[in-house]
Amino acid sequence: MVSPAASPALPPLAAPSRSRAGKRLSIVAPCFNEQEVLDLFFDRIEDELSRLGVDYEIVCVNDGSRDHTLAVLLRRHQSDPRVKVINLARNFGKETALSAGLDAATGDMVVPIDVDLQDPPELIGSFVEAWENGADVAYGVRVDRKADSPLKRFTAQGFYRAFNRLSDVDLPYNAGDFRLMDRRVVEVLRQLPERNRFMKGLFAWVGFRQEAIPYARPERAAGTSSWRYWKLWNFALDGITSFSTAPIRVWSYVGLAAGVLAAAWAGMIILRTLLFGRDVPGYPSLMVVILLGFGLQMLAIGALGEYVARIYQEVKGRPLYVVMDRYGFGSNEDAGA
Ligand code: UDP
Ligand code: MG
C-alpha cells in the first residue's frame, strides 16, 4: 500500500471522458437565400457525418428566403428524414434563426454552422474529439482572415478590442458561431430570456469548459454574403450594448470633468476681471464651449437612446421568432408538407 503522503500532491486534472457511441449530434443551419450552395453543403456535411459514426439530424432554419431555398430543403427532407426543416414566417436575421434552430435541436451535441461552407464540415470531427475529451464547448477559431477584405479585418479587430475592454465577458478573437456545444450548454442558452441575441457574446457568457480549435476560413462557396457594413455596425452596437453599460455610465464622468473644468475657468475669469478690469467679450471661445457642450450632450443622449430602445424591445416581450411550418419534427408536424 502506498501511503497518501507518498503520492503526488494533486492528481492530473481529469476531465470527464465521454463517448460518442449512442449519442446524437444536431447540426443547426440557418439558411437565407442559399439555393445555389445548399446541395453542395448537404453533400459535404453528410459525408463528414457518416464518417463520424454518430446518429445525427440536420435542423435547417429557412429564414424567410426569397429564392427556392425552401424547395431545396424540402426535397432533401423528403429523401432523408434526418434533414428537418423549420420555416420561419419572415426574415428574422441570422441570430434569431439560430435560436429557432437551437430550440428545435434534440441532440446531445449541437453544432451551429453556416451553409455557405465557410465553416468547413471537416472540423466537426475535431469538435467531437474535444467533446469526448471533456470539453463542453469546442469552438472554431479562424487563424487567417484572408477571405475577408482588409477593411473588414480592421473593423473586426477594433470591435473585439472594444468589446473586451467594455464588458466582463471575454470574447475570444476570431471565433464565430461555428462550434460544438454539449446539451447542458444549449439548455442554458435556451433559458436566456433576452430578445436581443448577440450569440457570440452569449456563447462566451455561459462559460463551461471551452476549447479552441483553429482552422482556416475559406471563401463563400456560392451566393453572396448578406452582411453589409451598416448591418455589421448595428451588430457591433447590439453586441456592446447587451454586454456592457459603460457607454451610458461614462457620461457621468464626462459631465463631472466638464463641470470641474468650467468651474476652474469661471474662477479664472472672475479673478482676471477683478485684477485687470473688464475684458473684451470672447465671442469665439464662447462659441467653441457651447458647441462642444452641445455635441457632448447629443452624444450622451444618443448613447442613452441606444439602451432605451433596447429596453423597449425587451419589455414588449414579443416572441423571438414566428414559425410558419415545421417538417420532420414528429407529432406536431405541420400539414403543409
Ligand atoms: N443567414 C440567415 N439570415 C440572415 C442572413 C444570413 O439565416 O438574415 C444565414 C446564411 O444563410 C448563412 C449564415 O447565416 O448560412 C451566414 O451568412 P453570411 O454567409 O451571409 O454571413 P458572413 O459569412 O458573411 O458573415
Ligand atoms: Mg458566409
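The first residue in the sequence is number 1, and the count goes up from there. Not measured: the values here are computed from a predicted model. All ligand and atom numbering here is 1-based and tracks the order in the structure.
For Asp116, the N, O or S atom with the smallest separation from the Mg ion (ligand 2) is OD2.
Residue Pro30 places at least one N or O, backbone or side chain, under 3.5 Å from an N or O of ligand 1. Residue contacts with ligand 1: Ala97 is placed with no nitrogen or oxygen under 3.5 Å of a nitrogen or oxygen of the ligand (distance criterion only).
Taking every heavy atom of Asp116 and a limit of under 4.0 angstrom, the matching atoms of ligand 1 come to 19 (O), 23 (O). Ligand-side atoms of ligand 1 in range of Val115: 15 (O), range being under 4.0 angstrom from any heavy atom. For ligand 1, the atoms lying closer than 4.0 Å to a non-hydrogen atom of Glu34 are 10 (C), 11 (O), 12 (C), 15 (O).
None of the N, O or S atoms belonging to Asp114 lies under 2.8 Å away from the Mg ion (ligand 2).
With no hydrogens or angles considered, a side-chain donor-acceptor pair links Arg24 and Thr106 at under 3.5 Å.
Contacts between Lys94 and ligand 1 below 4.0 angstrom, taking non-hydrogen atoms only, involve backbone and side chain alike. Counting heavy atoms under 4.0 Å from ligand 1, residue Asn91 touches it through the side chain alone.
The six-membered or imidazole ring of Phe178 lies near that of Phe127, with a centre-to-centre distance under 6.0 Å.
Distances from atom 13 (C) of ligand 1 to the heavy atoms of Asp114, Asn62, Leu117 show the closest one on Asp114.
Considering only heavy atoms from C-beta on, Tyr215 stays 4.5 Å or farther from Val143 through its side chain.
Under the 30°/60° scheme for interplanar angles, the aromatic rings of Phe198 and Phe159 are found to stand perpendicular.
The pair Asp55-Lys23 does not count as a salt bridge, with every side-chain nitrogen at least 4.0 angstrom from each carboxylate oxygen.
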- Message: Could you go through Phe243 and Phe163, starting from their C-alpha distance and side-chain angles, then the distance that decides it, and tell me whether this counts as ring pair (Phe, Tyr, Trp, His ring centres under 6.0 Å)?
- Response: CA-CA 8 Å; Phe243 282 90; Phe163 187 97; 5.7 Å; yes
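Remark: Arg44 is not positioned above the aromatic ring of Phe41, lacking an NZ or CZ atom under 6.0 angstrom from the ring centre and at most 45 degrees off the axis.
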